[in-house]
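Comments concern the structure below.
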Amino acid sequence: MRRLKGKIIKLGFDSILAMASVAAAVAIYNRGDLGSLDALVRQALVFAIFYVFSSAVFGTHRNVWRYTSMRDLLDIGRAVLATLFAFGLFQHFLWPAFLFAPSFIVVQGLVLSAMVVGQRLLHRLVYEGMPTRHPEASGVARPRVVLVGAGPLAERYIRVSRLNPYFGYNIAGVVDESRTLFGEMLHGVPILGKPKHLETILRDLTDNGRPVQRLVFTENAPGGGADLMDVPPAILEAPEKYGLRLSRLGDMTAFHEGIESVDEAPPINPIAIEDLLGRPQANLDLNSMRELIAGRRVAITGAGGTIGGELSRQIARLGPAAMALLDFSEYNLYALELDMKDLRLDFPWRCLLCNVRVAEQVRKVFAEFQPDIVFHAAALKHVPLVEANPSEGVLTNISGTRIVAESCAEFGVGTMVQISTDKAVNPCNVMGATKRVGEMLARSLDDAGGTTRFITVRFGNVLGSSGSVVPLFKKQIAAGGPLTVTHPDIRRFFMTISEAVSLVLQASAHALRAPDQRGRILVLDMGEQMRILDVAHQMIRLAGLRPDLDIKIEFTGLRPGEKMYEELFDAAERRVGTDSPEILAAVSQAGDSALLRRSVTTLEEAARRGDDASVIRHLQAVVPGYRGDPALEHLVGLGMGRKKA
């Protein structure tokens with residue numbers, strides 16, 4: 001009700017300006033002679049009605065006057081032109097007694113525009129010039145910051161922050177890649193130079209008694225605006241030496257034009273570790289992803305996990321006909337259901353408790369739902385836990401994959417997309433070996449040439465996923481340390497959750513566009529591997545602390561089944577490109593599918609008996625290069641009564 005009242009007041013004020021513009025235009029056109037007052041009033045009233053209608057159509061009454069922008073001025077211009085056109089037709093054909101002449105219409109438009117635009121700008125000028133709104137009015141010493149990037153986000157940030165007396169930061173300047181902006185001002189804030197000159201800029205500010213405490217990046221990730229890679233590496237790697245903390249602007253969604261409550265500046269957040277991957281984020285082909293999903297019935301196994309959950313959210317935005325979200329974890333599925341409800345989806349969807357290890361459950365879901373595409377993300381992925389429970393790893397990662405794949409073939413599913421891992425390449429642990437067998441199963445079925453396409457997508461570690469180092473390090477930092485790293489030289493590929501899932505969708509779309517390229521494993525290009533120790537150092541710095549001083553790092557030794565570094569391609573695989581630079585394909589010779597099926601049957605029988613030693617021996621026979629420990633020496637002392645070789 002309050003908002004409606006405000007809009008009515010604005011329209012009323014505009015109607016007064018419109019009537020006043022008629023009198024002013026007549027006086028200018030007739031050189032001071034207003035003519036008949038009665039006729040002038042009638043003309044002013046009718047003209048005001050036309051302008052109020054045009055204003056409502058173009059939404060000028062919805063704009064916040066104190067934040068008048070160029071977009072608002074364009075809306076006013078459209079409303080004025082529409083009013084002049086409609087009123088001109090009206091007085092020419094229906095009321096010729098009104099004063100009419102083309103030159104008068106021009107004068108009328110100029111006067112009305114000047115009055116309405118002038119009123120908006122005066123309102124903004126008064127608002128921004130009020131002493132109580134000036135940032136210095138709070139009298140509080142505020143940390144000094146430099147913004148990296150002079151794009152639209154920085155402009156809004158400075159503009160809004162100037163209006164809030166309780167804004168917590170003093171913006172000392174901006175750095176930007178554009179050479180032409182150097183020396184100019186952005187809402188009174190100087191543009192000091194390029195990011196690569198930051199060391200000199202910071203030193204000059206300190207010498208002038210204006211030391212900077214924080215760098216704020218105005219883009220959320222490399223590749224847009226001011227790229228993090230333009231900043232000197234010394235600052236990114238050891239900001240504490242410069243007395244700095246690194247931050248980035250928070251969510252700007254509340255600062256779109258037309259929002260009526262923008263009294264607070266956008267928050268400054270610590271830089272997320274994924275912002276410092278050392279490479280730009282992958283370019284995504286949204287059209288191909290939408291073509292893959294739009295109008296199709298999609299089922300996702302392991303939907304409550306990190307990858308499965310992100311798949312669910314991204315696919316939901318691509319217009320599927322329906323979604324079935326499967327998981328065996330009640331809590332994970334409950335949490336996902338809450339997230340999906342927040343999306344207010346306009347198509348049918350359900351969260352279903354389903355264990356991929358139980359064929360009857362999977363077949364029942366597929367028979368009732370009849371999916372067109374199945375994304376198989378259900379898996380046991382934590383290396384030490386699967387190493388300690390080999391039979392469970394086989395039952396989920398191999399038997400579960402077989403059951404889902406066979407159900408897809410039985411119920412005529414068009415496409416099954418299997419999520420794999422770089423640990424399946426030259427595996428040295430049970431988890432990697434079981435995922436490799438899953439790849440072999442999918443490839444064998446795809447090579448068979450049936451109506452169902454079986455696509456495998458392989459990638460490395462996902463930042464922030466459950467069981468990854470990032471959540472562990474965050475928890476350890478919050479507890480005051482130490483951070484535990486297995487080895488100082490251990491390295492891993494990293495990718496953000498959203499990036500990985502988007503590329504899974506993009507890779508799947510590519511595979512369907514190339515029906516002649518069956519049996520290939522699609523591999524996401526993840527750049528160079530990162531040292532886990534470097535990730536630990538960076539996370540400590542981003543928390544405003546000093547590695548080895550404020551937070552210690554302890555080396556615990558490699559865990560059972562853990563590799564020093566990962567690989568994306570096996571030696572027997574040939575690497576080929578695709579139509580997307582972010583996606584590669586692994587091509588290798590096809591194996592004996594009948595032998596593979598017999599081996600999988602034997603593996604599953606051993607796993608159902610709980611014979612872990614036999615499971616590892618059979619994995620060694622099936623997976624080239626896998627050298628597990630059939631004696632299970634790393635399990636001694638668990639008291640589980642495991643069988644020996």
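All residue numbers refer to positions in the sequence shown, counting from 1. For clarity, every value in this text was computed on a predicted model and none was experimentally measured.
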Within this structure, what is the [atom1]-[atom2] distance for the pair [X] and [Y], rounded to the nearest 0.5 Å?
| X | Y | atom1 | atom2 | value |
| --- | --- | --- | --- | --- |
| S588 | E439 | OG | CD | 9.5 Å |
| I373 | M416 | CD1 | CE | 13.0 Å |
| L325 | L311 | CG | CG | 10.0 Å |
| H376 | L326 | NE2 | CG | 11.0 Å |
| I497 | Q314 | CD1 | CD | 10.5 Å |
| S593 | R598 | OG | CZ | 9.5 Å |

Can you name the nearest heavy-atom pair linking [X] to [Y], along with the distance?
| X | Y | value |
| --- | --- | --- |
| L522 | A507 | CD1-O, 3.1 Å |
| S508 | F375 | OG-CE2, 4.1 Å |
| G519 | D447 | CA-OD1, 3.4 Å |
| G577 | L584 | CA-CD2, 4.3 Å |
| T452 | R518 | O-NH1, 3.9 Å |
| V374 | P371 | CG2-CG, 3.9 Å |

Got a donor-acceptor contact below 3.5 angstrom from the [X] side chain to the [Y] backbone?
| X | Y | answer |
| --- | --- | --- |
| Q418 | G438 | yes |
| Q361 | N355 | yes |
| T301 | A377 | yes |
| N389 | L385 | yes |
| S312 | G308 | yes |

Any chance you could lay out the side chain to side chain contact (heavy atoms under 4.5 Å, CB included) test for V425 and R458, step after step, and finish with the verdict? CA-CA 10 Å; V425 179; R458 179 194 292 166; 3.3 Å; yes
Tell me, please, which residues at least two apart from [X] pass side chain to side chain contact (heavy atoms under 4.5 Å, CB included).
| X | value |
| --- | --- |
| A509 | S288, L292, R513 |
| S329 | D327, Y331, N332 |
| A359 | I403 |

Pairing residues for K364 by the salt bridge (charged side-chain N to carboxylate O under 4.0 Å, His left out) criterion, not counting sequence neighbours: E368
What verdict does the side chain to side chain contact (heavy atoms under 4.5 Å, CB included) test give for L352 and F369, after you've listed the backbone C-alpha separation in whole Å, the side-chain angles of each residue and the deciding distance to 0.1 Å? CA-CA 11 Å; L352 301 168; F369 183 68; over 6 Å; no
Would you say the side chain of [Y] lies within less than 4.5 Å of the side chain of [X], judging by non-hydrogen atoms?
| X | Y | answer |
| --- | --- | --- |
| I398 | V600 | yes |
| R492 | V469 | no |
| V576 | R520 | yes |
| M431 | L380 | no |
| T401 | T434 | no |
| F366 | R363 | no |
| V386 | E392 | no |
| V437 | Y626 | no |

Can you list the steps and then say if I419 with V504 is a side chain to side chain contact (heavy atoms under 4.5 Å, CB included)? CA-CA 8 Å; I419 308 299; V504 166; 3.7 Å; yes
Count the heavy atoms belonging to other residues, nucleotides or ligands that lie under 6.0 Å from [atom1] of [X], then report whether that count exceeds 12.
| X | atom1 | result |
| --- | --- | --- |
| R608 | CZ | yes |
| Y565 | OH | no |
| Y334 | OH | no |
| E410 | CD | yes |

Trace of the side chain to side chain contact (heavy atoms under 4.5 Å, CB included) decision for V298 with I293: CA-CA 8 Å; V298 182; I293 298 299; 4.3 Å; yes
For R297, which residues count as a side-chain hydrogen bond (donor to acceptor under 3.5 Å, both in side chains) partner, sequence neighbours excluded? none
Strictly below 4.0 Å, N to O, side chains only: are [X] and [Y] in salt-bridge contact?
| X | Y | answer |
| --- | --- | --- |
| E406 | R402 | yes |
| E566 | K423 | yes |
| R531 | D489 | yes |

Write out all pairs satisfying side chain to side chain donor-acceptor pair (under 3.5 Å) with one or both partners inside residues 337-354, taking only residues at least two apart or from two chains. R313-D339
Determine whether the side chains of R296 and T415 contain a donor N or O and an acceptor N or O closer than 3.5 Å. no
